[in-house]
Amino acid sequence: MKVGNRHYRTIWLNDDGRTIDIIDQRWLPHEFRIVNLRNVEQVAVAIRDMWVRGAPLIGVTAAYGMAIAAAEDASDAHLEKTWEYLNETRPTAINLRWALNEMLATLKPLAEGDRAARAYERAFEIANEDVELNRSIGRNGLEVIRKIAATKKPGEPVNILTHCNAGWLATVDYGTATAPIYLATEEGIPVHVYVDETRPRNQGAQLTAWELNGHGVPHTLIVDNAGGHLMQHGEVDMVIVGTDRTTSRGDVCNKIGTYLKALAAKDNGVPFYVALPSPTIDWTVDDGVAEIPIEERDDREVTHVQGKTEDGKTVSVRISPEGTPGANPAFDVTPARLITGLITERGIAVASTEGLKALFPERS
Ligand SMILES: CSC[C@H]1O[C@H](OP(=O)(O)O)[C@H](O)[C@@H]1O
């Protein structure tokens, strides 16, 4: 996506042809920092500590991590050890395991001497596939926005609420939930986005707001707890969010707080859509609440908040008393019954086993 007058992806191969460069998202919106990841350990830290985040981007970063590993030592043992090491970085987004499996399946049939080159090639392919999947999600989601726009008075915007960041920063480019918003804006359909701040890591306030600003999309930052009130007062025409893992029956695991938005949307008759590329579907899992591991992050993310001082320093300050512990589940699961539609690269599926199999018959 364009940042100033330059087009960026969130991750790319460094000119040295071996290491990878990423946008270090911890410093946005105040600083746009690019960092170079030189080895598998640095890739693991970048994923675990959310220098990069977002299910598809986590997967692509891990894929490049496998390529760096293959360049170090292309033996089965080293690749399998790297698989384990990177798979442990974050437990919830299925794209991480999907990408690692994809890389192992690509490399193991090859002679060791051919593995490194193919690994970088495959990682780059996965990155490009992500961009194409997101463009398709954008086109399919645009239909939903167009239909709502047709019910509005001329010039009146389609009011969309989104939670966390499922934008281009969560993927290689375009995003999932934001892709239809970007296409609608480019087509001249008036849209306005309510951006949930998304405590505790504030991906909405710090990342989605930054993205929408950069793309000229009208938006308003709101506290997470305001969404239900806005829906009660007819201020929200639709909700669109991303997902870190969607089950074979359409249960959706996403950033903590998504479930509460879905409940409010159901109670107020507001359409609730989830945008996802098919690698985010975990066909081996049925009941999301019972089966999806929910990442528990450091409670310091709850007891402290990061911001920028007036003199430009990024600081983290405590907001609760010393000694008050925090609980920090990073995701929750929205049951399929609360979801209006799953916007995939192949079209919009009803959130059900049958709905997903209709779009992905090869999974029947
Ligand atoms: C397009 S996936 C985006 C998804 O990932 C985010 O989680 P995190 O920032 O912790 O990686 C959030 O759940 C987004 O909806």
Side-chain angles (χ1 to χ4, degrees), residues 1 10-11 22-26 28 46-62 89-96 98-99 127 129-131 133-138 141 161-182 195-208 210-211 224 239-246 251-262 272-282 288 292-298 301-302 306 328-334 339 342-345:
M1 197 61 80
T10 48
I11 186 169
I22 60 163
I23 297 171
D24 182 345
Q25 300 185 28
R26 293 175 298 167
L28 290 172
I47 295 172
R48 185 174 49 241
D49 294 352
M50 296 174 68
W51 304 12
V52 291
R53 26 66 49 200
L57 179 55
I58 289 172
V60 172
T61 306
T89 51
R90 294 190 73 189
T92 303
I94 191 63
N95 309 60
L96 174 58
W98 173 84
E129 286 160 12
D130 178 62
V131 175
L133 290 173
N134 297 337
R135 284 181 196 272
S136 301
I137 290 166
L161 185 144
T162 194
H163 189 71
C164 198
N165 173 256
W168 73 271
L169 289 171
T171 66
V172 173
D173 204 345
Y174 282 102
T176 57
T178 59
I181 294 169
Y182 290 140
V195 177
D196 272 358
E197 62 178 346
T198 314
R199 286 277 295 146
R201 290 285 301 228
N202 298 317
Q203 289 95 323
Q206 295 180 343
L207 304 180
T208 302
W210 181 80
E211 279 197 30
D224 294 325
V239 178
I240 186 166
V241 299
T243 172
D244 295 80
R245 188 184 311 209
T246 292
D251 291 350
V252 162
C253 183
N254 196 50
K255 184 53 54 192
I256 193 80
T258 303
Y259 172 44
L260 295 179
K261 287 296 135 47
F272 186 93
Y273 286 94
V274 178
L276 72 156
S278 50
T280 310
I281 301 170
D282 183 349
I292 296 177
I294 300 297
E295 180 183 14
E296 186 73 33
R297 293 190 65 87
D298 187 325
E301 294 182 353
V302 179
Q306 177 175 303
N328 189 11
F331 299 96
D332 59 25
V333 176
T334 299
I339 296 165
L342 299 170
I343 304 173
T344 76
E345 69 272 17

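Atoms within a ligand are numbered from 1 in the order they appear, just like the ligands themselves. Predicted, not measured: the structure shown is a model, and the values here were computed from it.
- Checked for salt-bridge contact, Arg199 and Asp224 miss the test: no charged N lies under 4.0 Å from a carboxylate O.
- Set against the non-hydrogen atoms of Arg53, the atoms of ligand 1 under 4.0 Å away are 6 (C), 9 (O), 11 (O).
- Inter-residue side-chain proximity for Ser278 and Thr344 is flagged as unmet; no heavy-atom pair is nearer than 4.5 Å.
- Considering both main-chain and side-chain atoms, Gly54 comes within under 3.5 Å of ligand 1 through a nitrogen or oxygen pair.
- Counting atoms of ligand 1 from 1 in the listed order, those under 4.0 Å from a heavy atom of Met50 are 9 (O), 10 (O).
- Cys253 pairs in a side-chain contact (heavy atoms from CB on, under 4.5 Å) with only one of the listed residues (Thr280, Ile294, Thr246), which is Ile294.
- Ligand 1 lies within reach of Pro56, whose nearest heavy atom is under 4.0 Å from it.
- Close approach to Ala170 involves these atoms of ligand 1, each under 4.0 Å from a residue heavy atom: 1 (C), 3 (C).
- When heavy-atom distances to ligand 1 are checked against a 4.0 Å cut-off, Gln203 comes that close only through its side chain, counted from C-beta outward.
- Under a 3.5 Å cut-off, the side chain of Asp332 and the backbone N or O of Gly257 do form a donor-acceptor pair.
- Proximity of a side-chain donor or acceptor of Asp130 to a complementary backbone N or O of Leu57 within less than 3.5 Å is not detected.
- Taking 4.0 Å as the cut-off, Thr280 does not count as a neighbour of ligand 1 on heavy-atom distance.
- Contacts between Thr243 and ligand 1 below 4.0 angstrom, taking non-hydrogen atoms only, involve the backbone exclusively.
- Contacts with ligand 1 closer than 4.0 Å are made by no heavy atom of His163, backbone or side chain.
- For the pair Asp173 (side chain) and Met1 (backbone), a donor-acceptor distance under 3.5 Å is present.
- The closest approach between any non-hydrogen atom of Thr258 and ligand 1 is not below 4.0 Å.
- Comparing Thr162, Leu57, Asn165 against atom 14 (C) of ligand 1, the shortest heavy-atom distance belongs to Asn165.
- When Asp282, Asp251, Asn254 are each tested for a side-chain hydrogen bond (donor to acceptor under 3.5 Å, both in side chains) with Arg245, only one passes: Asp282.
- Checked by distance only, ligand 1 and Thr171 stay at 3.5 Å or farther apart across all their nitrogen or oxygen atoms.
- When only non-hydrogen protein atoms are considered, atom 12 (C) of ligand 1 lies nearest to Cys164 SG, 3.4 Å.
- Every atom of ligand 1 is numbered from 1 in the order shown, and the set under 4.0 Å from a heavy atom of Ala55 is 2 (S), 5 (O).
- Among Asp332, Asp244, Asn254, the residue whose heavy atom lies closest to atom 5 (O) of ligand 1 is Asp244.
- At distances below 3.5 Å, not a single donor-acceptor pair connects side-chain atoms of Gln25 with backbone N or O atoms of Thr10.
- A donor-acceptor pair under 3.5 Å links the side-chain atoms of Glu296 to the main chain of Asn328, judged by distance alone.
- For Arg53 (side chain) and Asn165 (main-chain N/O), a donor-acceptor pair under 3.5 Å exists by modelled atom type.
- Residue contact annotation: Arg90 has a non-hydrogen atom under 4.0 Å from ligand 1.
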